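So the structure is just underneath, and the comments pick up after that.
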Amino acid sequence: MTPEGRNLYSIGDVEKKTGLSARQIRYYESLGLISPVRTSGGQRRYAESDVLRLMRIKQMKESGFDLKSIKEKIQVFEQSLQELTVDSITSERAVLSSLFPVSNRAVLMKLLEKK
DNA sequence: TTTCTAACA
DNA sequence: TGTTAGAA
């Protein structure tokens, strides 16, 4: 069981936590980079995982990556995590891999080989 | 007050 | 991306 954070944040909270503008946060969502849930009133609510992802996106942007390649990196990483789950690797390694930054794919591939 | 969508001097 | 208008 992955202790997913049930604490949700408003877009205003996320602006403060990430330093990104609400405009950027909504735009990244339209690109499929994050998937906040909606309240019955239609407002977005972000999980801790969304905040962490936005922080990584911000870092990558500052490192010179365009949103297109950032999206690809995230998709590759997400897909790799699914493979780990499907192949049911030891929980110890699953937890380890989930902590890997999107950037480093080499070590993740090494884990996939050892299965 | 805060957030939402849509649109652009 | 910023910013703004009008609605919720």
Side-chain angles (χ1 to χ4, degrees):
Chain A
M1 303 164 222
T2 305
E4 184 65 35
R6 23 346 228 172
N7 307 4
L8 301 179
Y9 304 91
S10 69
I11 197 166
D13 295 330
V14 180
E15 280 191 285
K16 294 173 185 174
K17 295 176 75 73
T18 67
L20 291 168
S21 66
R23 175 75 163 81
Q24 290 177 299
I25 297 170
R26 297 194 187 99
Y27 179 52
Y28 297 166
E29 175 187 349
S30 75
L31 297 181
L33 270 39
I34 50 177
S35 304
V37 296
R38 298 279 188 142
T39 64
S40 52
Q43 295 193 353
R44 276 166 264 246
R45 285 293 123 81
Y46 303 82
E48 192 62 48
S49 57
D50 292 314
V51 176
L52 295 175
R53 194 194 299 246
L54 286 169
M55 289 170 98
R56 289 193 286 106
I57 292 173
K58 187 186 180 186
Q59 291 188 316
M60 292 182 76
K61 274 194 59 187
E62 296 174 332
S63 298
F65 290 94
D66 55 34
L67 291 173
K68 186 236 182 186
S69 41
I70 291 178
K71 180 176 182 179
E72 294 176 335
K73 292 263 187 185
I74 289 181
Q75 294 183 319
V76 170
F77 180 65
E78 229 75 301
Q79 185 263 7
S80 297
L81 276 188
Q82 281 187 44
E83 287 181 12
L84 285 177
T85 302
V86 176
D87 296 334
S88 63
I89 295 182
T90 67
S91 62
E92 214 172 297
R93 286 181 181 172
V95 170
L96 179 61
S97 66
S98 69
L99 293 176
F100 282 18
V102 221
S103 56
N104 197 341
R105 207 183 146 198
V107 193
L108 184 57
M109 291 314 285
K110 237 165 124 185
L111 274 172
L112 290 168
E113 289 173 36
K114 301 195 91 177
K115 72 177 168 57

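Please read these numbers as outputs of a predicted model, since none were measured by experiment. Order of the sequence lines fixes the chain letters, A, B, ..., with proteins taken first and strands second; residue numbering starts at 1 for each chain.
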May I have the list of side-chain donor-acceptor pairs in residues 25-36 of chain A shorter than 3.5 Å, sequence neighbours left out?
{"residue": "A:Y28", "atom": "OH", "partner": "A:K61", "partner atom": "NZ", "Å": "3.3"}
{"residue": "A:E29", "atom": "OE1", "partner": "A:R44", "partner atom": "NH1", "Å": "3.0"}
{"residue": "A:S30", "atom": "OG", "partner": "A:Y27", "partner atom": "O", "Å": "2.5"}

Qualifying salt bridge (Lys or Arg N to Asp or Glu O under 4.0 Å) pairs, either residue in residues 9-25 of chain A, two or more places apart: none
Sorted by number, the residues of residues 10-17 of chain A with heavy-atom contact under 4.0 Å to DNA chain B: A:S10, A:I11, A:G12
Residues that A:T39 engages under side-chain contact (heavy atoms from CB on, under 4.5 Å), provided they are two or more places apart: A:Q43, A:R45
Which residues, if any, of residues 28-38 of chain A bring a heavy atom under 4.0 Å of DNA chain C? A:Y28
Please evaluate residues A:L20 and A:V14 with respect to the criterion side chain to side chain contact (heavy atoms under 4.5 Å, CB included), reporting the C-alpha separation (whole Å), side-chain torsions for both, the decisive distance (0.1 Å), and the verdict. CA-CA 8 Å; A:L20 291 168; A:V14 180; over 6 Å; no
To the nearest 0.5 Å, what is the distance between CD1 (A:I11) and CG (A:D50)? 11.0 Å
Quick one: list whatever passes side-chain hydrogen bond (donor to acceptor under 3.5 Å, both in side chains) with A:Q75, sequence neighbours left out. none
Enumerate the protein-to-nucleotides 6-8 of chain C contacts in which both atoms are nitrogen or oxygen and the separation is below 3.5 Å.
none

Base-pairing string, 5' to 3', of DNA chain B - Watson-Crick or wobble, under 3.5 Å, | interstrand: .|||||||.
What's the separation between atom NZ in A:K73 and atom CZ in A:R56, rounded to the nearest 0.5 Å? 11.5 Å
Interface residues of residues 19-27 of chain A with DNA chain C (non-hydrogen, below 4.0 angstrom): A:S21, A:R23, A:Q24
For A:K68, all residues meeting salt bridge (Lys or Arg N to Asp or Glu O under 4.0 Å), sequence neighbours excluded: A:E72
